Amino acid sequence: MKVIAKIDELKKAISEYRNNGKSIGLVPTMGALHDGHISLVKRCLNENECCVVSIFVNPTQFNDKNDLKHYPRTPKEDCKLLQSVGCTIVFAPDVDEMYPEEDTRIFDLGSVAEVMEGKFRPGHFNGVAQIVSKLFYAVEPNKAYFGEKDFQQIAVIRAMEREINTGVEIIDVPIVREKDGLAMSSRNRRLTENQRKNAPKIWETLSKSYTFAQNHSVKETINFVIDTLNAIPEFKVEYYEIVDADSLQPISDWNSSKRAVGCIATFCGEIRLIDNITYCVK
Ligand code: PAF
């Protein structure tokens, strides 16, 4: 496994594979890797001869500078883990390499970027589009892999790809959960012992809401989730929305969408966690 910090060197290493007709897969990450990331890497390795994993905590997507400062960074452990699963190339640049000058590009990401995370984290998705587009230009992968925990992010990256048209195929990979149901996230390591004990209640509540939804309206189901979690002292729900899986626009009636997805962002203490559940696939 090669660990590379410079774009020129990365392009050279990848071209050896591409020139030999090998397919290139990219797994963009911000490090602090867990089994959710590893499932992306394994899928990438199954479908490509060259698997590039990028590790870069991207400053332009953090609207909260405190979150950026405390974002977990575990480069040595990450490389060990990636080596153990057979990753081909780790790309771990520093900020100057990715942003030698300020990136002033503003992407037109459409309505999928305006709701939920887009509303509560202004500038976040434009920052994601900036870094993912730079990675697409640097790696020129055939396929890129993203986890469904960040459900809205995948829709936004598809919108970005339509704009820049690099021809990269975007692959979404299901959420990986801890045994107790908590969606795996690098942020979970920042939870205190008590918060970690309570955090599985997010998925527990979403799962209960699936049954609740069978004979309740969309609005009642939304209230059920928000009220159940807010009744637990550690939690403060930022939003819970039930949206159409393609447009990401809120639905008011179960029959108005082929696939309805409930997306949550909630604080557990000061740690902001997200998760989602699919209600119905017709
Ligand atoms: O999902 C993430 O970890 C990040 O948003 C991504 C896609 C690596 C871009 O920095």
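Atoms within a ligand are numbered from 1 in the order they appear, just like the ligands themselves. Everything numeric here is computed off the predicted structure, so don't read it as measured data. Heads up: numbering here begins at 1 and tracks the sequence.
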Should the proximity of Ile157 to ligand 1, defined as any heavy atom under 4.0 Å, be assigned to the side chain, the backbone, both, or neither? neither

May I ask you to list the atoms of ligand 1 that are less than 4.0 angstrom from any heavy atom of Ile131?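 Listed by number with element, the hits are 9 (C), 10 (O).
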
For Pro28, atoms of ligand 1 separated by under 4.0 Å from a heavy atom: 8 (C)

Backbone of Thr221 reached by a side-chain donor or acceptor of Ser209 within 3.5 Å: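 Checked: no pair found.
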
Is there a donor-acceptor contact under 3.5 Å linking the side chains of Asn276 and Glu148? no

Report the relative orientation of the aromatic rings in Tyr99 and Phe56; use parallel for angles under 30°, tilted for 30 to 60°, perpendicular for over 60°.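 Ring orientation of Tyr99 relative to Phe56: tilted.
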
Does a salt bridge link Glu117 with Arg272, judged by any charged N lying under 4.0 Å from a carboxylate O? yes

Determine, considering heavy atoms only, which of His37, His124, Met30, Gln61 sits nearest to atom 9 (C) of ligand 1. Gln61

Could you tell me whether Phe235 and Phe267 have their ring centroids closer than 6.0 angstrom?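 Distance test on ring centres: not under 6.0 Å, no.
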
Of all protein heavy atoms, the one nearest atom 7 (C) of ligand 1 is Gln153 NE2, 3.5 Å

